[in-house]
2 protein chains.
Amino acid sequence: MQDNGAVTADDVANAAGVSRWTVARAFKKDASISRKSREKVLAAAEALGYAPDLLASSLASDRSNLVAIINNDFSNPHKLVVLERLTRILWTRGWGTLLVHMSDSEDASAALLAASQRRVDAAVVIGTRFDDRILGTALGARRVKKLVIFARYSQNPDTLTIACDDVIAMREIADHLLSRGYQHPVYLAGPDTQSAKLHRKTTFTEYWQARTGFSVRSIHADAYDFGAAIDRVTALFAEGGPRPDVLVCENDIIAIGAMDALRYRLGLRVPQDVAVTGFDDIPLAGSPAYGLTTYRQPITAMTERLLDVLEGRLSSDVHLPGLFVARSTT
Amino acid sequence: MQDNGAVTADDVANAAGVSRWTVARAFKKDASISRKSREKVLAAAEALGYAPDLLASSLASDRSNLVAIINNDFSNPHKLVVLERLTRILWTRGWGTLLVHMSDSEDASAALLAASQRRVDAAVVIGTRFDDRILGTALGARRVKKLVIFARYSQNPDTLTIACDDVIAMREIADHLLSRGYQHPVYLAGPDTQSAKLHRKTTFTEYWQARTGFSVRSIHADAYDFGAAIDRVTALFAEGGPRPDVLVCENDIIAIGAMDALRYRLGLRVPQDVAVTGFDDIPLAGSPAYGLTTYRQPITAMTERLLDVLEGRLSSDVHLPGLFVARSTT
DNA sequence: CCGCCGCTTGCACGCGCGTGCAAGAAAAAT
DNA sequence: ATTTTTCTTGCACGCGCGTGCAAGCGGCGG
């Protein structure tokens with residue numbers, strides 16, 4: 001027992017009458033150690049309040065069991081759902097999570113550098129706006145071993161994508177709208193970034209065109225928050241052209257902004273005057289105020305696949321189907 | 001340069017023609033080193049792509065520059081605001097953030113243990129429900145050096161509280177309501193936990209009693225989310241007793257649930273039939289759908305004080321005033 | 001030109017644990 | 001009982017860097 005209060009493996013070894021290495025083995029799942037001495041060690045450890053020092057362990061083994069979660073979008077409540085799943089599920093499997101804030105202003109390499117300095121075994125990007133190429137070069141220069149793009153698509157070959165299958169999802173939404181007789185959708189997307197887009201917009205517009213022969217207009221909000229969506233939708237209707245009968249939104253938070261604009265800026269009813277669909281199924285989407293028709297991303301399943309990647313069982317892109325949720329806005 | 005691609009201080013030392021320790025000094029702010037050799041080292045480091053290994057550094061110096069953020073409430077969007085501030089501001093000062101999920105079912109010591117095994121310099125609890133005493137004993141047994149309760153109150157002597165000043169806040173809300181002529185408030189709180197409460201309820205009820213002579217009824221939702229608030233408010237009005245003219249809610253997410261219940265379950269208007277106040281000023285509170293009168297916690301200032309604690313300039317509880325925000329629900 | 005002082009640099013040692021090997025102990029086979 | 005095999009344990013070395021001290025270097029006044 002050191003003076004600073006930390007108990008080391010040596011202390012446990014002394015107490016249990018074995019060597020330090022036997023102590024280490026007792027804490028390792030598949031180590032070659034007799035049941036008797038493992039029990040002896042664990043009892044001594046328990047008595048002394050010993051727990052292995054993961055920092056020293058990481059340094060020695062070159063495996064930190066740490067993953068960096070890199071995010072630059074803290075305005076969408078859905079990120080909270082993602083964080084909850086990631087931290088909880090990864091933790092049950094022994095993985096720690098380092099939350100790294102990626103400012104939009106700087107490039108992603110600072111975030112990646114911060115992660116690599118802590119020797120994370122992988123970095124998971126859950127942010128919404130980032131430059132795909134910069135991420136790639138930053139990855140090349142640093143020693144982040146794995147880079148996973150979560151709930152987002154990446155074209156970068158050094159990167160692994162784990163995402164909801166946008167194609168299946170948007171077709172299901174389009175089929176639903178067609179079956180309800182909607183004819184004039186407008187697609188409301190987030191900011192028109194250069195890379196790491198979703199496939200939702202193109203899937204929807206192309207599929208709609210294929211099924212009806214009519215093309216779909218799409219517009220972009222300035223940011224991924226409901227304020228920007230309110231402004232964009234208000235502006236859309238101020239143009240005075242033919243009125244859409246449904247707004248297909250890239251995610252729920254934008255859809256909620258769209259609904260607020262329709263109801264409180266434009267005095268229109270949802271869905272009687274204009275219908276709305278979202279994406280993500282955030283908690284608020286199920287509230288009586290919104291009752292948003294949306295599509296739930298399979299975050300839990302996606303996190304399981306992330307574990308597969310972390311633990312070396314998977315090394316290719318994954319696109320998983322989610323769940324269409326029909327409520328009262330269509 | 002190692003074969004695994006990592007550049008160490010030794011590599012930089014060779015390239016710059018100095019010793020490894022001079023390299024370390026070049027990266028340390030107030031180290032005794034000549035300007036010439038610092039520039040030489042930094043140039044070599046830049047050329048090689050060297051960045052100090054924080055893991056090894058932590059092990060050697062017994063300072064990790066890591067803080068654990070312990071949370072068990074992922075249903076309140078305000079947590080996203082808190083996480084954004086904490087990660088961004090702490091990062092600018094060289095602190096990394098480990099996000100730890102604290103399940104409600106188990107006690108807090110597992111979370112604290114996880115943090116201590118990574119040698120965090122401090123743990124910051126931002127969760128809403130936790131047992132104050134267990135936290136204390138867990139702290140005693142582990143080597144987490146500092147335990148900070150953030151945006152919450154703790155009675156535990158081993159713990160530091162950094163929070164919004166509930167007393168000032170609730171008096172301001174009460175004064176506002178009194179000036180608007182409200183007479184029959186009901187206080188709507190979250191779950192009635194045994195410890196680590198906020199002071200909002202007692203402050204409000206006592207202050208209201210002192211100013212009007214009338215006592216305030218208070219009720220509790222089963223959870224800190226809007227669904228539970230909807231149920232509780234619906235049940236309250238189903239009782240059929242005298243109707244309150246304002247619902248004073250412990251936070252915004254509960255206030256939003258209350259508003260949804262009033263509007264969509266009970267057919268009442270806000271604020272004409274019943275007024276509502278919240279707490280936190282989450283983004284949604286400013287939306288046209290809610291326009292919630294609320295009180296903004298000074299998260300940025302609180303984070304600055306947290307830095308003071310982390311860097312040893314402060315070691316006592318802090319209660320900071322926030323900002324009352326009057327909107328259209330009162 | 002000498003000696004003292006202040007600035008700069010090098011270095012031994014340690015942080016706590018993992019890896020891979022080899023020796024020792026126990027069990028199995030002969 | 002002896003040899004062989006299997007299991008279990010101990011250990012040297014290293015992971016990359018920080019701390020504290022001592023040696024080296026230059027400059028100044030006398």
Side-chain angles (χ1 to χ4, degrees), chain A residues 1-14 16-41 44-45 48-66 94 116-121 143 145, chain B residues 1-14 16-41 44-45 48-66 94 116-121 143 145:
Chain A
M1 178 99 62
Q2 314 283 328
D3 39 320
N4 62 6
V7 183
T8 76
D10 278 312
D11 303 323
V12 178
N14 286 336
V18 298
S19 73
R20 180 169 72 69
W21 297 274
T22 301
V23 173
R25 275 187 266 264
F27 281 89
K28 193 172 169 185
K29 193 71 183 173
D30 308 304
S32 113
I33 183 178
S34 69
R35 201 158 55 93
K36 209 175 61 182
S37 44
R38 166 167 275 153
E39 283 167 2
K40 204 166 49 178
V41 169
L48 294 177
Y50 168 78
D53 185 327
L54 295 183
L55 209 63
S57 164
S58 304
L59 184 61
S61 67
D62 202 35
R63 287 188 66 247
S64 61
N65 275 287
L66 246 191
S116 76
Q117 287 191 274
R118 304 271 179 194
R119 287 213 184 191
V120 298
D121 289 332
R143 61 174 170 228
K145 299 156 196 166
Chain B
M1 178 96 63
Q2 314 284 327
D3 41 321
N4 62 7
V7 183
T8 75
D10 278 312
D11 303 323
V12 178
N14 286 337
V18 297
S19 73
R20 180 170 72 71
W21 297 273
T22 302
V23 174
R25 273 187 267 265
F27 281 89
K28 194 173 169 185
K29 192 72 184 171
D30 308 304
S32 114
I33 183 177
S34 70
R35 202 157 54 91
K36 211 176 59 181
S37 46
R38 167 168 275 153
E39 284 166 1
K40 204 166 50 179
V41 168
L48 294 178
Y50 168 78
D53 185 326
L54 295 183
L55 209 64
S57 163
S58 303
L59 184 61
S61 68
D62 203 34
R63 290 187 63 247
S64 61
N65 277 287
L66 246 192
S116 77
Q117 286 191 273
R118 304 268 180 196
R119 286 213 184 189
V120 297
D121 290 332
R143 59 176 171 226
K145 299 155 194 166

If I take atom [atom1] in residue [X] and atom [atom2] in nucleotide [N], what distance separates them, rounded to the nearest angstrom?
| X | N | atom1 | atom2 | answer |
| --- | --- | --- | --- | --- |
| A:Leu55 | C:dG14 | CG | C1' | 15 Å |
| A:Leu59 | C:dG14 | CG | P | 17 Å |
| B:Ile33 | C:dG6 | CD1 | C1' | 17 Å |
| A:Lys36 | D:dT9 | NZ | C1' | 13 Å |
| A:Gln117 | D:dG16 | CD | C1' | 13 Å |
| B:Asp62 | D:dC17 | CG | P | 18 Å |
| B:Asn65 | D:dC17 | CG | P | 15 Å |

Exercise. On DNA chain D, check which nucleotide each of A:Ser19 and B:Asp10 is closest to and give me the residue with the more 5' one.
Key: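 Nearest-nucleotide comparison on DNA chain D picks A:Ser19.
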Quiz item: If we only count heavy atoms from C-beta on, is the B:Asn65 to B:Leu54 side-chain gap below 4.5 Å?
Solution: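 The answer is no; the side chains never approach within 4.5 Å.
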Quiz item: Base, sugar-phosphate, or nothing for A:Arg35, non-hydrogen atoms under 4.0 angstrom?
Solution: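 Nothing, no nucleic acid heavy atom in range.
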Exercise. Pick base, sugar-phosphate or nothing for B:Arg38, based on heavy-atom distances below 4.0 Å to the nucleic acid.
Key: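 Here B:Arg38 touches no strand at all.
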Applying side-chain contact (heavy atoms from CB on, under 4.5 Å), can you list everything that pairs with [X], at least two apart in sequence or on another chain?
| X | answer |
| --- | --- |
| B:Asp10 | B:Thr8, B:Arg20 |
| A:Ile33 | A:Thr22, A:Arg25, A:Ala26, A:Ser37, A:Arg38 |
| A:Ala60 | none |
| B:Leu59 | A:Ala56, A:Leu59, B:Arg119 |

Quiz item: Distance-only, no hydrogens or angles: does the B:Ser57 side chain make a donor-acceptor pair with backbone N or O of B:Asp53 under 3.5 Å?
Solution: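 Side chain of B:Ser57 to backbone of B:Asp53: no pair is present.
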Looking only at heavy atoms, what is the nearest atom pair of [X] and [Y], with distance?
| X | Y | result |
| --- | --- | --- |
| A:Tyr50 | A:Ala9 | CE1-N, 3.3 Å |
| B:Val41 | B:Ala16 | CA-CB, 4.1 Å |
| B:Asp121 | B:Lys145 | OD1-NZ, 3.0 Å |

Practice problem: Kindly say if B:Ser58 contacts the phosphate of D:dC17, meaning a side-chain N or O under 4.0 Å from OP1 or OP2. | Solution: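 No.
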Quiz item: Counting just side-chain N and O atoms, does B:Thr8 come under 4.0 Å of either OP1 or OP2 of D:dC15?
Solution: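 Negative; the distance criterion is not met.
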What protein N or O atoms touch nucleotides 18-24 of chain C N or O atoms at under 3.5 angstrom, if any, and at what distances?
residue: C:dG18; atom: O6; partner: A:Arg20; partner atom: NH2; Å: 3.1
residue: C:dT19; atom: OP2; partner: A:Lys28; partner atom: NZ; Å: 3.1
residue: C:dT19; atom: O4; partner: A:Trp21; partner atom: NE1; Å: 3.2

Practice problem: Starting from the first five and the last five pairs of the helix from C:dC1-D:dG30 to C:dT30-D:dA1, work out the angle between the resulting helix axes, to 10 degrees. | Solution: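 It comes to 40° between the two terminal axes.
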